[in-house]
Amino acid sequence: MTVRNPRIPKAPAVRTSIRTRLMRQDTLFATGIVIVLTLLSFVMARSALQQRVLAQLSGILFARETLLEQALQSAREEAALLGSRSELVRIAQGGELQGTLEAMLINMRDEHMPAQAIAVFDRTGTLRGSVGTSMEAPFDATQATILQPITGDEGWKAYRVFAPIRSDDGKNVGAVGIEFDVVSLLQPLLSATSLGETGEILLAMEKNNAIILLHHRYSAADRRIILLGSLDDQYAFDLPLAQALKGETGIRSAEDYAGKKVFSAYRLIPVLGWGLEVKVDRTEALRSVTTLAVSMGVAGALLTMLAVFVTRLLALRLTQPLIRLSGRVSLLRPGNWSFRSSVRSGDEVEVLDRVVEDLAARLKMTYDHLEDEVTKRTAELREQYVKDRAILESIEHGVVAVDRRGKILDINPSVERLLGVEREMILGESVSQAISFCIHRKPCPAKKHPVMQALEKREPIRAATNMHMNIVRADRGLLPVNVAVTPLLVGRKLLGAVLVFQDMTDDRRIDYIKSEFISLASHQLRTPISTLRWYIELLSDGKNKNLTQVQRESIVEMQTAATRMADLVEALLHAARLEGGSITPKLKKVNITALLTNIAEELRALGKDAKISCAIDIPTKPVMIMTDAILVHIVLQNLFSNAVKYSHPNGQVNVKVRVRNGWVEIEVTDRGIGIPTPEQHRIFERLFRARNATTVDTDGNGLGLFISHMIVDILGGKISFKSMENKGSAFTVRLPMGTKKSGVPSPASS
Ligand code: ADP
């Protein structure tokens, strides 16, 4: 026999290959690095560039301010120089020096001073001579050098410098004013070529709280003054020019008057009270960084792609042997355990390959061994099964196996023979329906079915031989049986039960014949024994004086023997009648306490003879029960006499009566010889006497308890006992108080 190949599960499909995982992880990693590096570089470069631009703006601002101040300073110096010239002293003092001022103007232009007018004033500030645009002297022009910017609709047009004219003796005799063209100053001042397309340099002043742009570079079309709004409002909005006009200096990122984001450097030019701002568009300034970031991103993407490509190549090289190996491993199955290691890469894959070779060899060995073992075991099991089956089939008794719910799993041929059923018909049926029992010819309800009880209690059930159990055969006839049910337990788990029943037809028939015979014999013996007793009575009569002492003693012996014989015949007759079902209880209201008191008297008398003390505990109140007084009397008398009979000399017998839940309980206890445990289960059998009883009392007949049991049964009560050898026994009879229907024993089936 060969082991059937187990179903080999298919090799599981690869959900995510190592290659894909490597590539996925590598792509993620490379992309992450590129993004982080690009962002980092961008932020750092941007910050560095921003610093640089701001520093550059600051430098330009400083240079332009210096340029402006230098221009104004040289204008001041020029005016002061002219103020010391003697020609001008004379003009200021009223002299007329025709051509002097023109010559001076030309001279200044030659020296690249952008002067466009010269005027001379006397001490009172009255104009004494001029060339170029006319001008008026400011109030204290004769005292100090004054700078006067000229602004108009076109912004900053020109600036004038006034200086006192001093005579040789150091007296101020008038003032000279020079007007300079501003264009030549503004050009270098506002030139923002080094700041790219968006760079701007702005010069602004404040007038009536309005910010006025002093050059018209941005309004070339209408050449009008440009107002940048209210100084206070713009200051509140952090406009750099407004802050410069308020005397603040700064370099920062800001928004210009047009709302554009710019980098700006600004400060106040104290000489003029004007604000100067150098600014550049932020986007423009940072363009190089943005371009750098884009380039880095592109380079990073290319690098990532390259990395992925390289990873793919590497992964291919790494996983190829693994894929081949897993393909070969998936071919391993019973019958094909051959596997030869073939990878020579020197890495972990080679190790794995060798391990698989080793494993395959071991699997082959184990499998072969297992196959042999299974073959051997199967043969053994089959042999055992055949043996068991043969044993089961040869058993005379009926054997029924059921599962834990009572469904019939198997039966032996004896069941078919004894019950007249077909195996196929009852397999799978519920045992309580397929095999129904009768006790004393009364149908046994399903829950009292011995199999169901054994399953429920998980205990073996053995029906007592005197229970008169029958199984209803298929033809509705009754089969007298003895029954034993054993639950099948593995640990605490219930698997089912096995019912074994023995055909008792012959035993019951013999019992029946025996009872019939005993009944007949005892009936026939009754009359002669009575006659015998009557004549013995006559003989023993005290009037008969002709008898010797020996004859009298013989007569007494005969009398005892005759009485015993009469008792035995009476008992046999009772037993036969009870078995034959010819005794029907005559139920009446009986005062059980009165009945017991009477019997107790008999017990006392009995005890007195045997020197046994009796303690009788009977309720004083009358207890009425529906029962047959004569039958109860027989039972109690038997129990009392047994208690006295089997007590040790000077022993004690107790009788206790209790009323409980509609039952009367009568308990008779002694401290006598007791019943040996191994014999206790037979105590209610007919003619049974325990081993120890026969030595104590040789006269017993073993019918008393048999009769008592049957009587209690037909009265609807229960009799039970507890006993221990040499310690004593306690017999309890429970009788129903009401009219509980009593069972009538059925005759043995025959
Ligand atoms: P017997 O005539 O032998 O007493 P019974 O049927 O009354 O017959 O009792 C059957 C057997 O039960 C007795 O032989 C004895 O072995 C045992 N038996 C009954 N009652 C007692 C008892 N109180 N103490 C010890 N054994 C008893």
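Counting starts at 1 for both ligands and their atoms, following the listed order.
- Atom OG1 in Thr378 sits 9.5 Å away from atom CD in Glu373 (nearest 0.5 Å).
- Contact between Val657 and Pro619 at its shortest, heavy atoms only, is CB-CD, 3.8 Å.
- A 6.0 Å sphere centred on CZ of Arg417 holds more than 12 heavy atoms belonging to other residues, nucleotides or ligands.
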* To do: Go through the steps for Glu667 and Glu665 under the test side-chain contact (heavy atoms from CB on, under 4.5 Å), then give the verdict.
  => CA-CA 6 Å; Glu667 189 185 62; Glu665 263 181 32; over 6 Å; no
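- In this structure, Phe437 and His449 have perpendicular ring planes: the angle between them is above 60°, well past the 30° mark.
- At a 4.0 Å heavy-atom cut-off, the residues surrounding ligand 1 are Asn638, Asn642, Ala643, Lys645, Tyr646, Asp670, Ile673, Gly674, Ile675, Ile683, Phe688, Arg689, Ala690, Ala693, Gly700, Asn701, Gly702, Leu703, Gly704, Leu705, Ser729, Phe731, listed by chain and number.
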* To do: Give the intermediate values and the outcome of side-chain contact (heavy atoms from CB on, under 4.5 Å) for residues Glu679 and Glu685.
  => CA-CA 11 Å; Glu679 292 176 293; Glu685 282 181 19; over 6 Å; no
